[in-house]
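Proteins get letters first, then strands, A, B, ... in listed order; numbering begins at 1 in each. Note: hydrogens, waters and symmetry copies are ignored here, and every other heavy atom, side chains too, is used.
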Amino acid sequence: MLAIHFVQWLVVAAYVGALIYYARFFRRGKIMESARAGQLLALAAGLHFFYLIHLAIFTGHLPVTDVFESITTCVWLFGAVYLSLEWRLQERSLGAFILPIIIVLQTASNLFLAFNRELPAILQNVVFEIHVLMILLSYSAFAISFIASLLYVLLSRDIERKSLGLFYRRLPSLAFFDSLSNFAVNTGLVFLTVGVALGVYTGIKVSETFFDSWDPKFIAVGLTWLIYALHLFSRRAAGWQGKRVALISLFGFSWVLFSFLVVSLVFSKVHQFQ
Amino acid sequence: MSVLAYYISLDAAAAEKKARAAGNDDSPTPANPAEALAAILRELIADTALSANELTALAAVDFARLAKATPQLRCEESLLVIGSQFAELYLIEESSENGAVARAASAARPHPAVAALSNQEAVIQFFRSALGWLPNGAHQAAHVETFRRAHALASEHGLTSVALNRLFQRALWLHEKVRLGTDFFQNVVAVDDVLLEVAGKIFGGLKERTALLVGNHAGLPRVVKSLQRAGIGHLYFAPAGAEKSEGDDRLQRISSLQDATQLPFIDLLLLFDYPGPNIFTRAYLQKLMAARHQAPLLLADLSAAATREGMQKIYNLFYFRRGDLEKMVEQNAQVRQQIDAEVAAWIRAEVQQFYQWLTSADRFHFGSMVGRSRQMQQVFELIARIAQTDITVLIEGESGTGKELVARAIHQSSNRAPRAFIAVNCGALPENLLESELFGHVRGAFTGAVSHKLGLFEEVSGGTIFLDEIGEMSPALQVKLLRFLQDGEIKRVGSNAVLKVDVRVLAATNRHLQTLVHEGKFRSDLYYRLNVIGIQLPALRERPEDIELLAQHFLRKFAGRMRKPVAALSPAALRQLRQYGWPGNVRELENVLERAVALTGSATIDIIDLPAPLREPARSTNGAARLPLKEIERQYILDTVTACNDNYDEAARVLGIGRTTLWRKLKNYLETTGDFE
């Protein structure tokens, strides 16, 4: 028990260490430092993976059954997705913005994680686990899109002001963030759709009356899906580009965070399985 | 060693040329090297109307001419770089006694287009130039490329050597350091470059993008050129009014701009001076943006009177006036100053390091080899360059010149240094034994092969194997070695299994391998496979300037080892050492000094401590019958063998040559005259 607490805080420390390097790289632009930052993040993600396995063995199930378990899994997926993108695109300027989100969420998870060993029968189900993993993957993709959109807005502000700020100096290009954000939203939308479909399937299998009452969680997820569908639609059908689309993505992920934390914890009843 | 750099402003040179053509033209024939150089420079900078390509071609031609001129100048190394604004010429001379550089400097100074820098300043300029940092403080990314091409060309023509190559390597390293550690190469300071940078920040790559240039301006060709260099996808041009403008034949033309909906494919819209009514109104641009579904557009107004307000308010339209760009340049310039100062400090450190290297004794050491002569310096440089590769190297040199030391130095400077290095003397073992030694054997392969045995090739896996006296190898083994060199595969004796091993082969011979090839004693295919890179080690008598340095080196070594306070060589002893023919090369010198240090009773080694042949005044100087070197060598060897009571081991040691070498020589004497024994 003590060991697992130690490991969970070690994970946060490793993420903080990586953030320091990413921030230093962003400020000074020394490419040598960025390589070390990437290595440190990979180390942190490895440590995090170790922690997740530890957690799974300790509780006897995948860490996806309540909000704070899901958060730490989601954070790990997010870090891993980002790392793979970083290796593929060889662009490390996003790290300094992604890591704060990771650190805050992981800290929250560490503080409130219940180490719950008893599980309702409804959750002991492979389809359910895939359902949650899919949704978490989609959230990770939306988070990437969020960061890309944020940097799009910041860079475009620097360009419009014609000032050679730090964002102007360090960030690659508007086109880069635009396509990265769009790619992430498209991927996330696919995962979300599959995840929701699996959720509905599980729900119906569990009880005929599962969807009779309107749980706020269902509404929240539906809204998330609608927001990102609008993102896709605005680009494909209306031909929107640039800041407007970025703003939709910013709003979308803010809503995801809100629904993930507030709606699940405060309002949800049916989806709590208690 | 002195270094001189000229830099020649091509614009000023052209003006000078024009002025001179106006007056009467009488170019006198070059009388001395300095004037010859000045004439070359004057011709090189004749005409700046030449394009960059033509200048490069001219440079290629003149490298040949320069190669001819440098011996006249008594400069050992030279490098000519012809950039778009400046030409640079670097000269390095070994000793400043000749004063060629100094004379050249004073001769070239009066020329208004030429500035001469010497020594430290010249080296500073070398590093700056390698970073694309021009003498006038401007930064030109393209100059880095030009500089590297010029160095490659010069080294192809044999104009560069130890010092310039070292400088160049350091400059490459510095370039990486600067690129990774600072914004030196990002931070641009010209309006065109800032424009390109902004375009890059918006669009990323420009490959898929289309630019439209409207109007005429003096700066237009430059913008076109920099856009093309950035790899713009399409370039359209709409000239102002109906008049013809120069330089537009390469660009596609757009005749009518009236209908904005016809232009949705334009991503960069650059406005220059444009007479007549202004058609790029707010309404026009809104229509254009609508036609392109609000995709980002970069509108840059580079005309003198650019005051279009309200453009900022259009969604996804990035509007820049010339003034905005200039302001950005100004901001950049401030940051630039700090970066420049930092890089300048690095350059100073680099220059200091170079001068330290120049004056230090390290320069004459490589591995455990010592040599200040040009030949040895070139060998050192070659070793340093090829060590990192896995190329097979053939080392040729008389016995005692240090072939194994070269092999060791190559191994030590390579990535294989932590792994094994094994030296095998191919002349020392009978054929069959050598084969099982090199490739190993399996149990029962031959009588006495009672167990498996790993060959040296397998044992040094990942390391280096040094095959000495490769000329002595039997034809059958040569085939096996060739197979290894071609496929990296070996077979143990008595086994059919093919093994892949990763071993670097270095070979050496003290016989002229090519004559063995002609005589059919050595396979020609193996010869060419071995001789990918050949290192010819000069005999000691070919580099008398190294004798003193080597003698001092061995003196220190043996005095330390024998704990004797022997500190110096007497001038007379040194003279004797210099006059001697050294048939046994460095190894003989080493043995002579070991003997001398062991025998001497004083702190200084005198003639009396030298062995007999060295005590006599050199034969070549006293006018006695001059004998061919071969004959002297023969006599000396036979004398020594007799003195050692036919103990060949002892004789070989005294002579400072290998036992096999001694044996071969003796056999040779027997064959030719039959008079030994």
Side-chain angles (χ1 to χ4, degrees), chain A residues 24-38 89-93 148 151-183 233-248, chain B residues 176-189 194-195 197-209 264 267 289-298 300 311-336 339 342:
Chain A
R24 270 210 341 225
F25 162 61
F26 193 78
R27 208 161 59 81
R28 294 200 244 154
K30 300 201 172 172
I31 293 167
M32 298 304 257
E33 270 172 19
S34 79
R36 214 162 300 142
L89 302 173
Q90 283 301 310
E91 178 55 57
R92 295 208 172 90
S93 50
L151 293 179
Y152 184 101
V153 172
L154 290 172
L155 176 59
S156 118
R157 202 187 56 162
D158 258 10
I159 295 176
E160 273 162 15
R161 283 186 181 175
K162 297 154 181 69
S163 73
L164 304 173
L166 207 51
F167 298 112
Y168 180 86
R169 271 184 220 296
R170 293 283 174 263
L171 298 180
S173 68
L174 292 180
F176 172 87
F177 290 121
D178 199 44
S179 61
L180 177 61
S181 165
N182 293 344
F183 172 74
F233 176 82
S234 71
R235 284 182 287 126
R236 288 291 158 84
W240 283 17
Q241 290 195 20
K243 225 188 318 193
R244 285 177 196 165
V245 190
L247 289 176
I248 298 179
Chain B
E176 276 314 277
K177 183 176 171 184
V178 168
R179 188 177 70 79
L180 296 177
T182 68
D183 281 343
F184 190 81
F185 295 108
Q186 272 104 54
N187 205 320
V188 290
V189 285
V194 167
L195 181 64
E197 195 184 66
V198 169
K201 287 290 169 193
I202 295 172
F203 300 113
L206 294 181
K207 217 168 216 137
E208 319 256 292
R209 303 294 168 175
D267 299 304
M289 290 306 286
R292 40 189 287 115
H293 297 290
Q294 321 290 340
L297 175 84
L298 173 59
M311 299 295 189
Q312 275 95 335
K313 299 286 174 331
I314 300 178
Y315 176 68
N316 258 351
L317 177 80
F318 296 94
Y319 175 61
F320 286 82
R321 281 164 294 191
R322 174 169 278 278
D324 296 329
L325 295 173
E326 275 163 3
K327 227 176 274 168
M328 288 171 84
V329 167
E330 226 167 87
Q331 283 182 44
N332 259 339
Q334 283 169 6
V335 184
R336 183 89 245 173
I339 301 174
E342 191 181 357

Does any non-hydrogen side-chain atom of A/Glu160 lie less than 4.5 Å from one of B/Leu317? no
When only pairs under 4.5 Å are counted, which of A/Pro172, A/Ser179, A/Ser173 shares the most heavy-atom pairs with chain B? A/Ser173
Steps toward side chain to side chain contact (heavy atoms under 4.5 Å, CB included) verdict (B/Phe320, A/Ile159): CA-CA 10 Å; B/Phe320 286 82; A/Ile159 295 176; 3.8 Å; yes
Taking side chain as everything from C-beta outward and backbone as N, CA, C, O, which of these in B/Phe203 sits under 4.5 Å from a heavy atom of chain A? Side chain, backbone, both or neither. backbone
Smallest heavy-atom separation, B/Gly204 atom then A/Ala175 atom, equals N-CB, 4.2 Å
Within 6.0 Å of CD in B/Gln334, more than 12 heavy atoms from elsewhere: no
Partner chain A: residue of B/Gln331, B/His293, B/Lys327, B/Arg179 with the largest heavy-atom pair count (under 4.5 Å): B/Gln331
Using only atom types and a distance under 3.5 Å, with no angle test, would you say the side chain of B/Tyr315 pairs donor to acceptor with the backbone of A/Arg244? yes
Spacing of B/Asn316 atom CG and A/Gln241 atom CD [to the nearest 0.5 Å]: 7.0 Å
By a 4.5 Å heavy-atom criterion (distance strictly below it), what part of A/Leu155 contacts chain B: side chain, backbone, both, or neither? side chain
If we ignore hydrogens and angles and just use 3.5 Å, is the side chain of B/Asp324 paired with the main-chain N or O of A/Lys162 as donor and acceptor? no
Any donor-acceptor pair under 3.5 Å linking the side-chain atoms of B/Glu197 with those of A/Tyr168? yes
What part of A/Tyr152 gets within 4.5 angstrom of chain B, counting heavy atoms only: side chain, backbone, both, or neither? side chain
Can you tell me if CD on B/Glu208 sees more than 12 non-hydrogen neighbours from other groups inside 6.0 Å? no
NZ on B/Lys201 to CG on A/Asp158, rounded to 0.5 Å: 10.0 Å
